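Nothing here was measured: the structure is a model prediction, and the numbers come from that model.
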2 protein chains.
Amino acid sequence: MTTINDIARLANVSRSTVSRHLNKNGYVSQEAQERIDKVIEETGYFPSQSAKSLRTKKTGVVGVILPKISTETASRVVDGINQVLQENDYQMLLTQTLLEKEKEIAFIRLLQSRNVDGIILLGTNTDEALVEEIKKSDVPVVVLGQDMPGTTSIHYPDYKATAEMISYMIEKGYRDISFIGVPEDDPAVGIVRKKAYIDTLKEHNLPVLTERITYGDFSIDSGYHAMETIMKQSKKPDAVFVVTDNMAVGAMQYLKENHYNIPADIGMATTGVSRLSKYIEPVLTTIDFQNEKAGIAITRLLMRQLNGYKKTKKLTHTYRRLTGNSL
Amino acid sequence: MTTINDIARLANVSRSTVSRHLNKNGYVSQEAQERIDKVIEETGYFPSQSAKSLRTKKTGVVGVILPKISTETASRVVDGINQVLQENDYQMLLTQTLLEKEKEIAFIRLLQSRNVDGIILLGTNTDEALVEEIKKSDVPVVVLGQDMPGTTSIHYPDYKATAEMISYMIEKGYRDISFIGVPEDDPAVGIVRKKAYIDTLKEHNLPVLTERITYGDFSIDSGYHAMETIMKQSKKPDAVFVVTDNMAVGAMQYLKENHYNIPADIGMATTGVSRLSKYIEPVLTTIDFQNEKAGIAITRLLMRQLNGYKKTKKLTHTYRRLTGNSL
DNA sequence: CTGAAAGCGCTTACAG
DNA sequence: CTGAAAGCGCTTACAG
């Protein structure tokens, strides 16, 4: 491997001078510059980031922790993150938890040991242990998707968007709306969205039936089974709200396989918008949380922190409702 | 930040001993081990990878270069890559070219400067300049999706799978099959698949009409426009083969918007299988290249190289045909 | 079983 | 405008 010493020797200067030239700080004579450039060109030299990082305490790498990359939601967020990172000459170290909570904590430590400059966590819970780990972190951690105590975070407007959607369903005439949620480990999705559902029913003086509230685990399969559980009840609901797109795919699969017509037999609304959704009949009425924009926004917040703004900041992301023909 | 010196001091040993204990090489007395563990526990110490890497010349990081993460194909490959990487305690540094060729070369250099142990490139071309850059690389580079000269690579069975699909369409009775391809910059997709299409038509004594051969740029939009171009010809074809799933989405959109019935008005076949495809009518007859498995396979090859097997190796990946009702 | 020493490839005051 | 020196946090022979 070619090192700065080789360059210095070949260009007849000290390595201080090479370094100064490379980093464009301090004076280097025109002549020296040219000799150095020539040698670099010939040797194909590039500086070792490991050495540089050890000295400067900066790596130019940001760690990203997410549940699973091969979901549309996550990959869109990553697209957004990547945009801002490229603009700022950062690279991305990507880790997947596959929804194992311990891994979030393990990766925060791992990423620090890899000397990343900052960490972006796509949050799935706000457990005490995780909050502690973030607090202990030497590098800034920002969180997308949960309102993480004491941490700069952006969360989705879970309550407002859900409540609005449920209201809309009620306006449309639905009176017996079932619910496919997730466990309360995930506050944003598991608690807040469910609360919005329950509150809105109550506001409209509709009964809240425990048997109408089912749970999945974010997987397609679990949406399928939750839908099955609901539809096997003696009295069937007239609509269903599913809290995530992935589970909605499963729920829809169950309904199609069993020849239920949407919306004639049962209305359906959900969250998230698929690239392919316009080819699926019916087009789902859904909440679009605009994940790519969210990825951009959270990364900008991290960049700010890396540039010295230390105050933690809480933002709520935007959303829009997309009206299909599933209601 | 806590360093190995702090640990050594607090545990009353030298930093050599701490290092030996941490890396489990060389002897360390039981007592010393316990003291060290205790101090590490208390301080939350973790070793700096930058320093370690500088010394050992290993980072435990693999660089991945791909066109765009938020496509189903790429994200599935990444899932596969990630699996093998996790098993082997490697981390993934992810870069996106957004199909700008210069970036492939730029990232190969960038990743090296970041001292990655190896590079996985999802190939989009086999340009001379790229081949040169790979040859110059200090670290092993493996390529998925192209038969890259002089480099360990796995490519998809582009010729065989395409020829088989075209034959199948002909068997089904189609006689005027149009083609949506990509430019020849991409040998695997742009040249080989087109050649398989042309050869197969010829073998069956069917005319090869230049106006039936159109090109997109991998985007959904370009598939839409290619389909439009084809369907605006005075004589319409009875089928279309689209070389990538993304462009097939666009082609289908055009056909649906213009009320063509698939397969009654025009048959359609493509490559790649979407998670949502089972909800789209018609179900596309397609070639499944099993991207996750391909990701696993290419990463295993890289791991072999990192363990010292230096011979370059060429593999052709498997595939299967999925029969829908679009033909 | 343990520690002192050298060195990995850089950057950064500092002195000239 | 330039170079010598120190030091970032580790690991690894080597001597004891």
Is the cationic atom of A/R304 (NZ for Lys, CZ for Arg) positioned less than 6.0 Å from the six-membered ring centroid of A/Y309 and within 45 degrees of its normal?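 Yes, a cation-pi geometry holds between A/R304 and A/Y309.
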
When both hydrogen-bonding distances must be under 3.5 Å and the geometry is Watson-Crick or G-U wobble, what is C/dC1 paired with, if anything?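 Partner of C/dC1: D/dG16.
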
In B/S/- notation (B base, S sugar-phosphate only, - none; protein heavy atoms under 4.0 Å), nucleotides 7-16 of chain D written 5' to 3' is BBBBBB----

Output the rounded distance in Å from CZ (A/R35) to C1' (D/dT2).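 Distance check: A/R35 CZ to D/dT2 C1' gives 11 Å.
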
Return the value, rounded to whole Å, for the distance between atom CG of B/N12 and atom P of C/dC1.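 The answer, rounded to whole Å, is 19 Å.
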
Does atom NZ of A/K293 have more than 12 heavy-atom neighbours from other groups under 6.0 Å away?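 Counting neighbours around NZ of A/K293, 12 or fewer heavy atoms of other residues, nucleotides or ligands fall under 6.0 Å, so no.
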
Taking B/N246 for its side chain and B/F218 for its backbone only, find out whether a donor-acceptor pair lies under 3.5 Å.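 It does hold such a pair.
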
Sub-3.5 Å donor-acceptor pair from the side chain of A/R114 to the main-chain atoms of B/V61, do we have one?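 No, the answer is negative, given that no donor and acceptor are paired below the 3.5 Å cut-off.
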
Reckon A/T17 has a side-chain N or O less than 4.0 Å from the OP1 or OP2 of D/dG3?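 Looking at the OP1 and OP2 atoms of D/dG3, one of them is under 4.0 Å from a side-chain N or O of A/T17.
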
Can B/T17 and B/S14 be counted as having a side-chain donor-acceptor contact under 3.5 angstrom?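 Judged by distance alone, the side chains do pair up.
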
Regarding B/N115 and B/T59, do their side chains bring together a donor and an acceptor under 3.5 Å, going by distance alone?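 Side-chain D/A pair, B/N115 to B/T59: absent.
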
